[in-house]
Amino acid sequence: MKGVLSERKTLHPLDIERRELPVAAGRAVRELAREISTTLDSTLPDPASTAATLTDPIVIAQIERRFAELPADVRRTMRPPATAAGATIVRRLPLTDAEFGPTPPSWREAAQWSGDAARRAHSFELDLVMLLLARSAGEPFGWQGQQGGRLVNNILPSPGHEDEQSGASSKTLLSPHSEDAFHPQRANLLMLGCLRNPDLVGTTVSSVRRVELSAAQRRLLSTPTLPILPDVSYGSGHEQYSATPLPTLWTSAGPDEATLRYDPAYTPLDDADAEYRAAYARLTAELERVCVTAALTPGEILLVDNDVAVHGRVPFTARYDGTDRWLKRVNIRLPDRPRRAEEADENGYGQRVVAPFRAAKTTAFVSGGRESARTDEHRESHPVAIEREAAHDRGSIEHP
């Protein structure tokens, strides 16, 4: 299975909503992250272990307690995308390419270096910046089976993975997809922060609210027909779980309110009939037609509404010399946007979230089950890391 998005796309920067962090707000984020980093260095018994996942209770307590100190402009700027494009570029986070040392060869080294005072430069501080910004937008979370459960993922090219459908790839087009489309607990909002992108490698974004489909095609694509399987970043082991057919579109509120779950590279389209495949192909062609490309520069953040827009990446040639593209990614849940009731019983192929910021008075899904809502006085103040069976740990490769 392969996405068919053209590899040649013109940049359309004005087609994506743009916002700017006020200078004082951007400076406040950096200063607060630096202050927290200094505090953690003096209090944590094992900084290297803490940097591996960023879920240490001391880290979570610092972010949870102090993000509210940021100027109100930060929260306003980090709100979800407000246009039909389903994406927003936030500019003017103060940072420079020279702050972070060389691009690591893989996510593992990136996490290790972040905990090594001699090698991390400002990478750990930027992890804290990303958590502060993500917490201002909603509830950051990670996946137990992806990048070791780390809350801030490092997205960079890795040798040997050039042709995969994963964020570690480079030579191949990363097909447009909903992030973690296979799972009922997928992010509402995806945040990609740029540390380095000297070749202006583009991230593609396509909104379902800009596509043109017939009523019949929308009906077909709204019918649960095919499953979406876990991507390569989760390894193997999903075969033991039943593959539940899912709708690709939800359009009951009309095209202007449409949402989708879409990942053609991991959808067994050959199992559908010709009529459904034709409708899916039309959706794919329409997503190509409305595609825009964001070539992020250092200090820019791309917010993608994961319910409205799909994203991908154009091919590029990695040098593996410490100068390659380097992004940091955070998955964010929006407490005021709960998942549909019909998604609650999905098994999620056994993949579990790491949810230390789980908000009070919300319902959380755990592989198809529900946890009861908590009131503020019973809110958890420690990381929630839900372990899977060790035999099916699948997290070796990142996927933006």
Side-chain angles (χ1 to χ4, degrees), residues 19-42 44 47-48 50-54 59 62-63 66-67 70-71 74 77-78 89-136 140 147 150-158 167 191-201 203 294-303 316 318-330 398 400:
R19 303 173 187 160
E20 290 191 350
L21 269 175
V23 173
R27 186 183 303 120
V29 175
R30 289 299 306 264
E31 289 175 353
L32 181 56
R34 189 172 301 117
E35 184 178 332
I36 293 173
S37 178
T38 300
T39 299
L40 294 175
D41 282 343
S42 65
L44 289 171
T50 297
T53 65
L54 303 172
V59 176
Q62 283 282 321
I63 299 297
R66 304 203 61 188
F67 84 95
L70 294 170
V74 174
T77 305
M78 296 303 295
I89 295 175
V90 175
R91 299 180 60 240
R92 295 208 310 193
L93 178 68
L95 59 84
T96 64
D97 179 285
E99 288 188 70
F100 305 104
T103 301
S106 78
W107 67 265
R108 288 187 179 86
E109 281 85 356
Q112 291 168 0
W113 294 1
S114 187
D116 183 344
R119 301 202 66 169
R120 72 186 185 191
H122 291 279
S123 180
F124 180 66
E125 183 182 316
L126 244 291
D127 289 333
L128 299 175
V129 166
M130 292 292 283
L131 286 177
L132 287 167
L133 292 175
R135 189 65 187 94
S136 297
Q147 294 205 12
R150 202 170 198 266
L151 295 179
V152 179
N153 296 159
N154 289 283
I155 307 301
L156 32 76
S158 297
M191 184 171 77
L192 295 170
C194 180
L195 279 64
R196 176 174 295 137
N197 192 14
D199 303 307
L200 295 180
V201 177
T203 300
L296 300 177
T297 58
E300 290 187 330
I301 297 166
L302 179 64
L303 298 175
F316 67 102
R319 291 178 291 273
Y320 305 125
D321 62 356
T323 67
D324 285 319
R325 175 181 184 256
W326 184 4
L327 307 183
K328 285 185 180 283
R329 178 189 65 196
V330 184
E398 59 267 39

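Basis for what follows: all heavy atoms, side chains included, without hydrogens, waters or symmetry-related copies.
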Nearest heavy-atom approach of Ala52 to Ala111 is O-CB, 4.3 Å

Does a side-chain heavy-atom distance below 4.5 Å link Gln112 with Pro104? no

Looking at Thr38 and Arg34, would you say the former's side chain and the latter's main chain have a donor-acceptor pair under 3.5 Å? yes

From the list Val330, Leu70, Val74, side-chain contact (heavy atoms from CB on, under 4.5 Å) with Leu133 holds only for Val74

Contact between Asp199 and Arg319 at the side-chain level, heavy atoms closer than 4.5 Å - yes or no? yes

Counting C-beta onward and ignoring hydrogens, is there a side-chain heavy-atom pair between Tyr320 and Pro105 closer than 4.5 Å? no

Do Pro22 and Thr77 have side chains that get closer than 4.5 Å, going by heavy atoms? yes

Quick one: pull up CE in Met191 and CG in Leu302 and give me the separation to the nearest 0.5 Å. 11.0 Å

Okay, side chain of Asn197, backbone of Leu296: is any donor-acceptor separation there less than 3.5 Å? yes

Within the 4.5 Å heavy-atom criterion, are Asp324 and Leu156 side-chain neighbours or not? no

Side-chain contact, heavy-atom cut-off 4.5 Å: Leu32 with Phe67? no

Interatomic spacing from CD in Glu300 to CG in Leu192 - rounded to 0.5 Å: 12.0 Å

To the nearest 0.5 Å, what is the distance between CD1 on Ile301 and CE on Met130? 6.0 Å

When you measure from the side chain of Ser114 to the backbone N and O of Ala110, does any donor-acceptor pair fall under 3.5 Å? no

Roughly how far, to the nearest 0.5 Å, is CD1 of Ile63 from CG of Leu131? 5.0 Å

Show which side-chain atoms of residues 92-102 pair as donor or acceptor with protein atoms under 3.5 Å away, not counting sequence neighbours.
| unit_1 | atom_1 | unit_2 | atom_2 | d |
| --- | --- | --- | --- | --- |
| Arg92 | NE | Glu20 | OE1 | 3.4 |
| Arg92 | NE | Leu21 | O | 3.2 |
| Arg92 | NH2 | Leu21 | O | 3.3 |
| Asp97 | OD1 | Arg196 | NE | 3.3 |
| Asp97 | OD1 | Arg196 | NH2 | 3.3 |
| Asp97 | OD2 | Arg196 | NE | 2.7 |
| Glu99 | OE1 | Arg30 | NH1 | 3.4 |
| Glu99 | OE1 | Arg30 | NH2 | 2.7 |
| Glu99 | OE2 | Arg30 | NH1 | 3.3 |
| Glu99 | OE2 | Thr96 | N | 2.8 |

Reported OG1-to-CG distance for the pair Thr297 and Leu195, which is rounded to 0.5 angstrom: 11.5 Å

Evaluate side-chain contact (heavy atoms from CB on, under 4.5 Å) for His122 paired with Ser37, printing each intermediate quantity in order. CA-CA 10 Å; His122 291 279; Ser37 178; over 6 Å; no

Asp116 side chain near Glu109 side chain, heavy-atom distance below 4.5 Å: no

Going by distance alone, is a donor N or O of one side chain under 3.5 Å from an acceptor N or O of the other, for Arg325 and Thr203? yes

Is a side-chain donor or acceptor of Asn154 paired with a backbone partner of Trp107 at a separation under 3.5 angstrom? no

Quick one: do Gln62 and Leu128 satisfy side-chain contact (heavy atoms from CB on, under 4.5 Å)? Show the steps, please. CA-CA 10 Å; Gln62 283 282 321; Leu128 299 175; over 6 Å; no

Could you tell me the separation between the CD atom of Glu125 and the CG atom of Asp127, rounded to the nearest 0.5 Å? 10.0 Å

